[in-house]
Amino acid sequence: MQDPQPFKLIWLTRHAQGYHNEQHNWNYIDPLLTHRGLIQSTKISQKVNSHLHRLRANPNFKHLEFLPDPDSNVLPFDVVVCSPMRRTIQTALFALAAHHDPTLPTKPVHLYPYNMPIPNIVLVPEFTESGRYACNYAVPLPVLHDTFPQLEVAGRIVVPTGKYTVEEWPRVAKDYADDVELLEWRIEYVKKWLWERPERSIMVVSHCCFLEELLVSCGQYVEQFRNAEVRVAKLFKDGDF
């Protein structure tokens, strides 16, 4: 009997503009988003809706019937999988906030709802960036918790069984940034991990090089992801996009 849905829909999203992007200075450790980056994050919801309109208008809509009507204000993904870096978490939170409040992009940044309800967000270290720069090194876990006190960060971090502990996350981030061989392992791990998730549609908020390598691993030619860009891809059981 054929699988009723032979693929998963993955919403690949790069974080919005961080201070390291704005200043071309990679020496910031785990930088936050700039003012412009926060605004970019609130417009991700509009990009998601544009993709949703395009997908539903496709005559080959088979196996995508589970997607909501674009005008229903229902999220087209069931979970947000996010790198545990501060810029990706901020991007995810403000993108989701704007989905619930479409007027958010028109509001001053200081009015953004930092105490908004938290949806289904999972923090997965294997989605962090590659590259031996300070901006790809994580702040200590208590600092991450203080940045997002409403998120209960430690309880949302998912680690591979037996590989390391949640408390080791900052060290792991540095290892992942520095070691190219670990990048190859991470790419294969996350494709398998995404496939084994129960959700049919998943948003991934990650980083430029990592997202590009994820697609290149499947033999694709990939243009650079821009800040706050969203691309929709089909993930198949064999790990191909």
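Given the structure is predicted, the values throughout are model-derived calculations rather than measurements.
- In terms of modelled atom types and a separation under 3.5 Å, the side chain of Gln17 and the main chain of Gln40 share no donor-acceptor contact.
- Scanning all heavy atoms of the two residues, the minimum distance from Cys208 to Gln224 falls at SG-CG, 3.4 Å.
- When hydrophobic clusters are built by joining Ile, Leu, Val, Met, Phe, Trp and Tyr residues whose side-chain heavy atoms come closer than 4.5 Å, directly or via intermediates, Tyr28 is not grouped with Val143.
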Please tabulate, one pair per line, all N/O donor-acceptor pairs under 3.5 Å involving side-chain atoms of residues 211-218, not counting sequence neighbours.
residue, atom, partner, partner atom, Å
Glu212, OE2, Phe225, N, 3.0
Ser217, OG, Lys191, NZ, 3.1
Ser217, OG, Leu214, O, 2.6

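- Heavy-atom minimum distance, Pro170 versus Pro140: CG-CA, 3.9 Å.
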Steps toward side-chain contact (heavy atoms from CB on, under 4.5 Å) verdict (Val190, Val204): CA-CA 11 Å; Val190 302; Val204 169; over 6 Å; no
Thr34 and Gln23: CA distance, side-chain angles, deciding distance, side-chain contact (heavy atoms from CB on, under 4.5 Å) verdict: CA-CA 10 Å; Thr34 62; Gln23 300 177 22; over 6 Å; no
Intermediate values then yes/no, side-chain contact (heavy atoms from CB on, under 4.5 Å), Ile89 and Ile121: CA-CA 9 Å; Ile89 297 174; Ile121 295 180; over 6 Å; no
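- The two atoms that bring Ala92 and Cys82 nearest to each other are CB-SG, 4.2 Å, heavy atoms only.
- A salt bridge is defined here as a Lys NZ or Arg NE, NH1 or NH2 lying under 4.0 Å from an Asp or Glu carboxylate O, and Glu196 with Lys192 meets this definition.
- Residues satisfying the ring pair (Phe, Tyr, Trp, His ring centres under 6.0 Å) criterion with Phe127, sequence neighbours excluded, are Phe210.
- The hydrophobic cluster containing Ile157 also contains Phe148, counting ILVMFWY residues as joined when their side-chain heavy atoms lie under 4.5 angstrom apart, directly or transitively.
- Under the 3.5 Å distance criterion, the side-chain polar atoms of Lys43 are left unmatched by any main-chain donor or acceptor of Ala228.
- Put simply, OG1 on Thr88 and NE2 on His207 are 4.5 Å apart, with the number rounded to the nearest 0.5 Å.
- Every ring pair (Phe, Tyr, Trp, His ring centres under 6.0 Å) that His20 has, sequence neighbours left out, goes to His15, Trp26.
- Rounded to the nearest 0.5 angstrom, Asp30 CG and Met85 CE are separated by 4.0 Å.
- In this structure the side chain of Lys237 never reaches within 4.5 angstrom of the side chain of Pro6, judged on heavy atoms.
- For the pair Phe7 and Leu64, the minimum side-chain heavy-atom distance is below 4.5 Å.
- Two different hydrophobic clusters hold Tyr137 and Tyr19 under the rule that ILVMFWY side chains link at heavy-atom gaps under 4.5 Å.
- With a 6.0 Å radius and a threshold of 12 heavy atoms from other residues, nucleotides or ligands, Arg231 has its CZ atom above the threshold.
- Note: Arg14 CZ to Ile44 CD1 = 11.5 Å, rounded to the nearest 0.5 Å.
- Tested against His51, the residues His53, Arg54, Lys47 include a single side-chain hydrogen bond (donor to acceptor under 3.5 Å, both in side chains) partner, Arg54.
- Annotation: salt bridge (Lys or Arg N to Asp or Glu O under 4.0 Å) contacts involving residues 159-169, sequence neighbours excluded, comprise Glu168-Arg171.
- For the atom pair CG of Asp146 and CG of Leu141, the computed distance is 10.0 Å after rounding to the nearest 0.5 Å.
- Listed for the Asn136 side chain is no donor-acceptor partner under 3.5 Å among the backbone atoms of Glu129.
- Side-chain atoms of Arg186 and Thr128, non-hydrogen and from C-beta on, do get closer than 4.5 Å to each other.
- Between the side chain of Lys8 and the backbone N or O of Glu199, at least one donor-acceptor pair lies under 3.5 Å.
- The structure places CG of Leu67 at 8.5 Å from CZ of Arg200, a figure rounded to the nearest 0.5 Å.
- For Tyr189, the OH atom is densely surrounded, since the number of other residues' heavy atoms within 6.0 Å is greater than 12.
- Once rounded to the nearest 0.5 Å, the distance linking CZ of Arg197 with CD1 of Ile202 reads 6.0 Å.
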Distance-only check: which donor-acceptor pairs under 3.5 Å involve side-chain atoms of residues 71-80, not counting sequence neighbours?
residue, atom, partner, partner atom, Å
Ser72, OG, Asp69, O, 2.7
Ser72, OG, Val74, N, 3.3

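- Both Leu96 and Val122 sit in one connected hydrophobic cluster of ILVMFWY residues. Membership requires side-chain heavy atoms under 4.5 Å apart, directly or through other members.
- Clustering ILVMFWY residues whenever any of their side-chain heavy atoms sit less than 4.5 angstrom apart, transitively, puts Leu32 in a cluster other than the one holding Ile39.
- Applying the salt bridge (Lys or Arg N to Asp or Glu O under 4.0 Å) criterion to Arg132, with sequence neighbours excluded, gives Asp178.
- The shortest heavy-atom contact between Trp169 and Leu144 is NE1-CD2, 4.1 Å.
- Among all heavy-atom pairs drawn from Trp185 and Glu126, the shortest one is CZ3-CG, 3.9 Å.
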Steps toward side-chain contact (heavy atoms from CB on, under 4.5 Å) verdict (Leu9, Leu55): CA-CA 11 Å; Leu9 211 59; Leu55 287 168; 4.0 Å; yes
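- Closest non-hydrogen pair, Leu52 versus Pro68, comes out as CD2-O, 3.7 Å.
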